Trainee: 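Can you keep this structure in mind? I'll have questions shortly.
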Amino acid sequence: ADRVLGAINTARRPLLVPVKLERASYDVLIGTDLIRRAGAHLSALLPQKRVMIVTDANVAALHLPALHAGLEETGIQHETITVPPGEGSKTLSEYGRVTNALLEAGVERGTTVIALGGGVVGDLTGFAAATTLRGLPFVQIPTTLLSQVDSSVGGKTGINTPFGKNLLGAFHQPLSVLVDTTALTTLPAREIRAGYAEILKSGLLGDADLFEWCDRHAQAVLEGDPAMQAEAIRRACAFKATVVADDEREERKTNGRALLNLGHTFGHALEAELGYDGRLLHGEGVSIGLRLAFMLSVRLGYCAQADLERVSAHLDRLGMPARISDTGEAFSAATLIRHMQRDKKMRDGRLSFVLVRGIGKAFTCRDVPDDAVADVLRADGC
Ligand code: NAD
Ligand code: MG
């Protein structure tokens, strides 16, 4: 144990984002080698010196040995459940497999479930933890940039159904979240860019300082500078924490947590049209959707053209997906609008969008005319 504490003291201190909610408070720790040091970070928090780890096969091969080593040094008993990688694991059948494995292992109310992986593992594991024995303690160790900045804050967990994405789920706040930037060293560049889109989204929707910071430092984040990555993640998590604290269960009729969907109505339509088959990552759809949301806001007279141009220039300079043509696929405006109408945000036949009055100034708008959306899609090459 002394050796472990020594290692913690000499390593760079993790950054910390407190998440303060009505029903629970926890910290997001952000730094290097946190998977390796998870045992030391968690041992005081765990109700029982026993954990169940859920991970996917890709992450298991790359990062599970470090987690096991850290847990063993601190005398934390562990077992591991591995699921196949990819969105296909957020299903009722995989949920059944994981919960059966937890019960078969004889988990008790104090046994903590650790999610080690991207958003898929986090959502599936969180839902299994939320429901097994009516709720087991839960720790998130997100390993993709997207999950580090997005699923790490807010406590949403769940799985998909044939009726749509994330339709079965629960709010289940973690005991703690360990964001290890060292995990990002094995993540493909395309996944890093996809995660960056959600950081940029936070800046564009409500944190103009974050956008300015991104404009200066995003290149270093994309290139893998760990200190810059940690700072970007800290800012994005801190921003999301303020939004979530204000609207924990997405109950506000306007603004609130729904603002986090900036760029997502367009992004989801592109994803849905391609059938979630991996041709377009979620973050890539968001990246294109962010620019489209600015275009729509300009078209409706809410936002200055100059802000749209700044966003376009930012995306282009970084080589981020920015236009529908960047997907390499052809879409029809009418089909995309039909997907948007099917999206749950539709009300009284009018499309609902998150729009902007400028960078960092988003608002929800419940009656956007179809023809304005169609104009924007056509202007972007539909
Ligand atoms: P993912 O979990 O499928 O991970 C993407 C790929 O990267 C997978 O193949 C995975 O095996 C691999 N991988 C993960 N970490 C790696 C690493 N360090 N090195 C190499 N490969 C690694 O996808 P994602 O983008 O992380 O998450 C998407 C999911 O997250 C969606 O299902 C979405 O609904 C959900 N999500 C949830 C929330 C929330 O608040 N709960 C927020 C955003 C997204
Ligand atoms: Mg998203």
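A quick note: this is a predicted structure, and the numbers were derived from the prediction, not measured. Just follow the structure's listing: the first ligand is 1, and inside any ligand the first atom is 1. By convention here, the first residue in the shown sequence is residue 1.
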Trainee: Show the atoms of ligand 1 that are less than 4.0 angstrom away from any heavy atom in N58.
Mentor: 9 (O), 10 (C), 11 (O)
Trainee: In a check of side chain to side chain contact (heavy atoms under 4.5 Å, CB included) between S176 and each of T112, D27, L42, which one passes?
Mentor: L42
Trainee: Looking at non-hydrogen atoms alone, which of V153, V149, L146 comes nearest to atom 28 (C) of ligand 1?
Mentor: L146
Trainee: Just jot down the ligand 1 atoms closer than 4.0 angstrom to any heavy atom of K165, in number order.
Mentor: 34 (O)
Trainee: How close does the nearest protein non-hydrogen atom get to atom 6 (C) of ligand 1, and which residue and atom is it?
Mentor: E191 OE2, 3.8 Å
Trainee: Is there a heavy atom in E198 that sits closer than 4.0 Å to ligand 1?
Mentor: no
Trainee: What I want to find out is whether R378 reaches D375 closely enough, with some N-O distance under 4.0 Å, to be called a salt bridge.
Mentor: yes
Trainee: Check each atom of ligand 1 against the heavy atoms of H63 and keep those under 4.0 Å away; list them by number with element.
Mentor: 18 (N)
Trainee: If only side-chain N and O atoms count, and only distance matters, is there a donor-acceptor pair under 3.5 Å linking T186 with H63?
Mentor: yes
Trainee: Could you tell me, atom by atom, which parts of ligand 1 come under 4.0 Å of a heavy atom of V59?
Mentor: 13 (N), 14 (C), 15 (N), 16 (C)
Trainee: So which protein heavy atom does atom 30 (O) of ligand 1 come closest to, and at what separation?
Mentor: G119 CA, 3.2 Å
Trainee: For E271 and H264, which I'm curious about, is there any donor-acceptor pair between the side chains at under 3.5 Å?
Mentor: no
Trainee: May I ask you to identify, for N166, whether its side chain, its backbone, both or neither come under 4.0 Å of ligand 1 on a heavy-atom basis?
Mentor: side chain
Trainee: Give the residue, atom name and distance (to 0.1 Å) of the protein heavy atom nearest atom 40 (O) of ligand 1.
Mentor: S151 CA, 3.5 Å
Trainee: What is the closest protein heavy atom to atom 3 (O) of ligand 1, and at what distance does it sit?
Mentor: V120 CG2, 3.3 Å
Trainee: Between D246 and R252, is there a salt bridge with N-O shorter than 4.0 Å?
Mentor: yes
Trainee: Who's the nearest protein heavy-atom neighbour of atom 20 (C) of ligand 1, and how far?
Mentor: T186 O, 3.1 Å
Trainee: Listing by chain and number, which protein N, O or S atoms are under 2.8 Å from the Mg ion (ligand 2)?
Mentor: E198 OE2, H264 NE2, H282 NE2
Trainee: If you measure every N or O of V121 against every N or O of ligand 1, does any of those distances drop under 3.5 Å?
Mentor: no
Trainee: What residue and heavy atom of the protein are closest to atom 22 (C) of ligand 1, and at what distance?
Mentor: L187 CD1, 3.5 Å
Trainee: Give a yes or no answer on whether the side chain of K240 reaches the backbone of S151 with a donor-acceptor pair at less than 3.5 Å.
Mentor: no
Trainee: Tell me, yes or no, whether the heavy-atom count around R190 atom CZ, taken from other residues, nucleotides or ligands under 6.0 Å, exceeds 12.
Mentor: yes
Trainee: Tell me the nearest of K90, H172, R190, K240 to atom 34 (O) of ligand 1, using heavy-atom distances.
Mentor: K90
Trainee: Below 4.0 Å from ligand 1: does a non-hydrogen atom of E87 turn up there or not?
Mentor: yes
Trainee: Mark yes or no for whether R257, through its side chain, and E248, through its backbone, hold a donor-acceptor pair below 3.5 Å.
Mentor: yes
Trainee: More than 12 non-hydrogen atoms from neighbouring residues, nucleotides or ligands closer than 6.0 Å to CD on E104, yes or no?
Mentor: no
Trainee: Taking L71's backbone N and O only, do any of them form a donor-acceptor pair with T74's side chain (distance below 3.5 Å, no angle check)?
Mentor: yes
Trainee: Please classify the T143 to ligand 1 contact at 4.0 Å (heavy-atom distances, strictly less than): side chain, backbone, both or neither.
Mentor: both
Trainee: Checking R193 side chain against G283 main chain: does a donor-acceptor pair fall under 3.5 Å?
Mentor: no
Trainee: How long is the span from the OH atom in Y276 to the NE2 atom in H268, to the nearest 0.5 Å?
Mentor: 6.0 Å
Trainee: If you measure from each non-hydrogen atom of L62 to ligand 1, which part falls under 4.0 Å: side chain, backbone, both or neither?
Mentor: side chain
Trainee: Determine the minimum heavy-atom distance between A293 and F266, stating which atoms define it.
Mentor: N-CE1, 3.8 Å
Trainee: Answer with side chain, backbone, both or neither: which part of D123 has a heavy atom less than 4.0 angstrom from an atom of ligand 1?
Mentor: side chain
Trainee: Considering only heavy atoms, which of L145, D150, T144, D56 lies nearest to atom 4 (O) of ligand 1?
Mentor: T144
